[in-house]
Amino acid sequence: MRKLVIVTYVLRGLGFVLVLLSLFGHNVILNLFPGLEGQSINPIFYSGIAVYLVGAIIYFFVNKKEKAERRRREIEEATERVFRNSDSEKDEG
């Protein structure tokens, strides 16, 4: 599960870099891809947004699942403590 979280951070970082490159790095993009000379760089911007959204959506669902599992464990531990305390009070009384 932790590897998936790391992948989502990588996807969001890559999307952020692509958006920044499309906004401020026209020269860098044109040096890397000289065939784009005279064409729009919008596909790189949209690709960056799409990659970021995919990473964010995956992270949302993974984080939601982790929180639910953590909450379930805490409830189990709390009920176990309560029953253990009530059993020890019965033994004393």
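- The cluster map of Ile, Leu, Val, Met, Phe, Trp and Tyr, joined by side-chain heavy atoms under 4.5 Å apart, puts Leu21 and Val54 in the same cluster.
- In the hydrophobic cluster analysis, where Ile, Leu, Val, Met, Phe, Trp and Tyr join through side-chain heavy atoms closer than 4.5 angstrom, Leu23 is grouped apart from Val17.
- Closest of all the heavy-atom pairs between Ser22 and Ile44 is CB-CG2, 4.1 Å.
- Note on Phe33: it does not cluster hydrophobically with Leu20, by side-chain heavy-atom contacts below 4.5 Å among ILVMFWY residues.
- By the ring pair (Phe, Tyr, Trp, His ring centres under 6.0 Å) test, Tyr9 is found to be paired with Tyr59, residues two or more places apart in sequence or in another chain being considered.
- With rounding to the nearest 0.5 angstrom, the OG1 atom of Thr8 is 12.0 Å from the CD1 atom of Ile57.
- Identified under the side chain to side chain donor-acceptor pair (under 3.5 Å) test for residues 28-56, with sequence neighbours left out: Ser40-Asn42.
- Cluster annotation: Phe24 and Val19 are assigned to the same hydrophobic cluster (Ile/Leu/Val/Met/Phe/Trp/Tyr, side-chain heavy-atom contacts under 4.5 Å, transitive).
- By the rule that hydrophobic residues join a cluster once side-chain heavy atoms approach within less than 4.5 Å of another member, Phe60 and Ile49 end up as members of separate clusters.
- In this structure, CG on Leu4 lies 9.5 Å from NZ on Lys65, to the nearest 0.5 angstrom.
- A salt bridge does not link Arg70 with Glu74: none of the charged nitrogens is closer than 4.0 Å to a carboxylate oxygen.
- Inter-residue side-chain proximity for Glu66 and Val5 is flagged as met; some heavy-atom pair is nearer than 4.5 Å.
- Electrostatic pairing of Arg73 and Glu77 does not count as a salt bridge here, judged by no charged N lying under 4.0 Å from a carboxylate O.
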